[in-house]
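The structure appears right after this line, and notes come after that.
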Amino acid sequence: MLRVSIVGASGYVGGELIRLLLGHPQVRLHQITSERLAGQYLHSAHPNLRGATDLRFTSVQVLESCDVLILALPHGQAAQKIETFAQIAPHLIDASADFRLADTAVYERWYGAPHPCPEWLTRFAYGLPEVNRERIREGRYVSGVGCNATAVNLALLPLVQAGLVDTHRDIVAEVKVGSSEGGNEATEASHHPERSGVVRSFAPTGHRHTAEVNAVLGLENIHLSITSVELVRGALATCHAFVREPVTDREIWRAFRATYGNEPFVRIVHEKRGMYRHPEPKILAGSNFADVGWSLDEQTGRIVTLCAIDNLMKGAAGSAVQCLNLMCGFEERTGLGFTGLHPI
Amino acid sequence: MLRVSIVGASGYVGGELIRLLLGHPQVRLHQITSERLAGQYLHSAHPNLRGATDLRFTSVQVLESCDVLILALPHGQAAQKIETFAQIAPHLIDASADFRLADTAVYERWYGAPHPCPEWLTRFAYGLPEVNRERIREGRYVSGVGCNATAVNLALLPLVQAGLVDTHRDIVAEVKVGSSEGGNEATEASHHPERSGVVRSFAPTGHRHTAEVNAVLGLENIHLSITSVELVRGALATCHAFVREPVTDREIWRAFRATYGNEPFVRIVHEKRGMYRHPEPKILAGSNFADVGWSLDEQTGRIVTLCAIDNLMKGAAGSAVQCLNLMCGFEERTGLGFTGLHPI
Amino acid sequence: MTTCLECDAPLTFPPDLIDGEIIPCADCGAELEVLSLSPLQVGLAPAVQEDWGE
């Protein structure tokens, strides 16, 4: 059995990592650290896990060696202690943004400070299997993915790979997101009477996930926008691009199948009728699926591509476990079989 | 592998039965019937199951023999065709209310018509394992459970079994419920602009689940009330009873442990601090757990007992699969390992 | 191999296929009508356009 420990597991992504790995047949959870909750049972922070395990949080000071160490720390902390963590386990998965961008200059532009250990950046593989499977499989270090970036990347990838997009025209991508993206820290903005029922222009321009989108798609003129909606889990990317030349629905099917035909976690949702004819994030809660689709406006050549995910799963913990399966030679879907709930 | 078919599986309970049994290692789903959707793929009614199976709905006319037949038909239909269904499989599980009440007079009082096949009533075991495990294990026919009744029954059971309740004083039980209790049929009352955000006194008095509560707890003076709240899945029963004589918190712990100490799906949630110190239905969505708890008012002798469930799971499909495991000799938790999500 | 006229997905046919039967496409949900059995030919069945009315 693979011995896996999680550092900084009191947050929502940590809770999902624990839930998934408790259900993973080849993994034994060894230590779960949280400085704030050391000594407490896991269900003190993750009430859904009551009775699922009698493991307790420990301090990172007493971390013992293991096979895979997953870091779920706030931004910046993983990079600071990367050398120590690298002694603990041969494989590291970092769910934070610290090692996502290979280009130090880009990192500095978006995060406003030079990267603390740039030499490590090239050792980390970007943890989105759908675009980086071989490097993840062979690597020892995998970075997490940005949830908004992942929704936009997976929505646009088929068109970009098939060369259908007019890359000289601007692409606008608006992601509607749930409140769990903000993590479990209560703020004025997350206070229920203020947050409930909003359609809040959280980041109309300039969201730092843009860097990841540029890196993955190799496109510069992509303009990201984030709007918070009435949802806890879930993200829906609505991307507005323009086709280079007229194209038919069947050609777009071919492009989506070419990119996603064999992907275990991407489902193509493009139907003529029915409430769920386009991707819907709420029914993906808890699953590792990314549902993708599109709608073509033949008059204007605008193609709207869509991707729905659970920001805590395909946008974080689910992709991390998918990468663990790849790195450790397990079948990619192991421990990730939950199909999501309907109705929910 | 056990061959299991489901009759009338286009509804929400049918969708949960399919989801659970697709993930059940000892079960192979044989036929899934729906007259309305015959020929269609299952994900046309259950979008979360897209890609999980290539089974299609068939008509009940072409039903073939199998090991267990689960009936998820609208009220009244199972009773009408019980003889035909009994030819199809040695084991029947009926998720509807048709065979829940053993007493024909009580059935007639609450459902306003004599039972069409009273001789079958005694052959069905009431499908709540926590109160009927042996009869279910040995039986061939199991009835479903009412979701509201189940929440009230599980909330009050420990006190009743320990003889702590003053049965001469009235017990009021108010269940707050989600919209999925109404099934997937759209009505004026379920129209989103009308249903969203309500606190609707759906049935302030006289809900037909009262009969089940009387039958299970052996108490008559229980007064049920149902209030619809902003929720899709979930039910929370808040039961107001009075203790026969002063009692301490530890004695109540002892009563709850005596009843639920070894139950795989009932968790006792009674803590002094924390957001989740009392049972919370929303984090149970998709799981088969019933979380129970209480709050004692020592001045007045009133004890409020609480039970949270997912009405589609412990209140229907989850209990049905739990009964299938018992009847067929599988470990009771098989296929029911999902722990629920947090946050959700 | 017969494919869906909307999305090119390979179609699966039940063994007891009959003329005029409606086959749904697993990928895009389009309804295909069996026009002839041999050679096997399908056409798009007239689908009622449903509007969310949102």
Side-chain angles (χ1 to χ4, degrees), chain A residues 11-12 15-16 18-20 22-23 40 43-53 178-180 182-184 186 196-197 230-234 263-269 271 273-280 282-287 289 291 310 312-313 337-344, chain B residues 11-12 15-16 18-20 22-23 40 43-53 178-180 182-184 186 196-197 230-234 263-269 271 273-280 282-287 289 291 310 312-313 337-344:
Chain A
Y12 289 150
E16 282 298 86
I18 298 167
R19 174 177 73 84
L20 295 171
L22 282 174
Q40 301 271 359
H43 65 260
S44 67
H46 310 303
N48 57 322
L49 301 181
R50 178 184 288 270
T53 169
S179 54
S180 62
N184 64 5
S196 175
E230 184 59 34
L231 202 55
V232 171
R233 281 175 183 241
E263 285 297 338
F265 292 108
V266 184
R267 304 185 302 194
I268 301 171
V269 182
E271 304 206 3
R273 289 174 298 104
M275 277 183 288
Y276 294 94
R277 55 179 177 267
H278 293 306
E280 168 59 59
K282 80 164 183 165
I283 61 169
L284 303 179
S287 86
F289 289 123
D291 282 0
D310 173 345
L312 294 179
M313 283 294 291
F338 180 64
T339 63
L341 298 173
H342 167 262
I344 186 166
Chain B
Y12 289 152
E16 283 296 88
I18 298 168
R19 174 177 72 83
L20 294 171
L22 281 175
Q40 298 283 344
H43 66 260
S44 66
H46 310 302
N48 55 324
L49 300 181
R50 179 183 288 271
T53 169
S179 54
S180 62
N184 62 5
S196 175
E230 183 59 32
L231 202 55
V232 171
R233 282 174 184 244
E263 284 298 338
F265 292 108
V266 184
R267 305 186 300 195
I268 300 172
V269 181
E271 303 204 6
R273 289 171 298 100
M275 279 182 289
Y276 295 93
R277 57 181 179 275
H278 291 306
E280 168 59 60
K282 80 165 183 164
I283 60 169
L284 302 179
S287 87
F289 289 124
D291 283 0
D310 173 345
L312 294 179
M313 283 295 292
F338 179 66
T339 64
L341 299 172
H342 167 264
I344 185 164

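These figures come from a predicted structure and were not determined experimentally.
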* Structure fact -> Bottom line for Glu280(B): the part with an atom under 4.5 Å from chain A's heavy atoms is neither
* In terms of heavy-atom pairs under 4.5 Å, which option from Arg233(B), His46(B), Met275(B), Arg19(B) contacts chain A the most? -> Arg233(B)
* Side chain proximity check, His342(B) to Leu49(A), heavy atoms < 4.5 angstrom -> no
* To do: Select one option (side chain, backbone, both, neither) describing which atoms of Leu20(A) are under 4.5 Å from chain B's heavy atoms.
  => neither
* Taking atom NZ of Lys282(A) and atom CG of Asn48(B), what is their separation to the nearest 0.5 Å? -> 11.0 Å
* For Ala52(B) against Thr339(A), the heavy-atom pair lying closest together -> CB-CG2, 4.4 Å
* Which of Asn184(B), Leu231(B), Val269(B), Asp291(B) touches chain A most, by non-hydrogen pairs under 4.5 Å -> Val269(B)
* Structure fact -> Between Pro343(A) and the options Ser179(B), Ser180(B), Pro47(B), the side chain to side chain contact (heavy atoms under 4.5 Å, CB included) test singles out Ser180(B)
* To do: Please find out if less than 6.0 Å separates the ring center of His43(A) from that of Tyr276(B).
  => no
* Working to the nearest 0.5 Å, report the span between OG of Ser44(B) and CZ of Arg273(A). => 9.5 Å
* Asked: In terms of heavy-atom proximity below 4.5 Å to chain A, should Leu312(B) be classed as side chain, backbone, both, or neither?
  -> side chain
* To do: Could you tell me whether the side chain of Arg267(A) and the main chain of Arg50(B) form a donor-acceptor pair under 3.5 Å?
  => yes
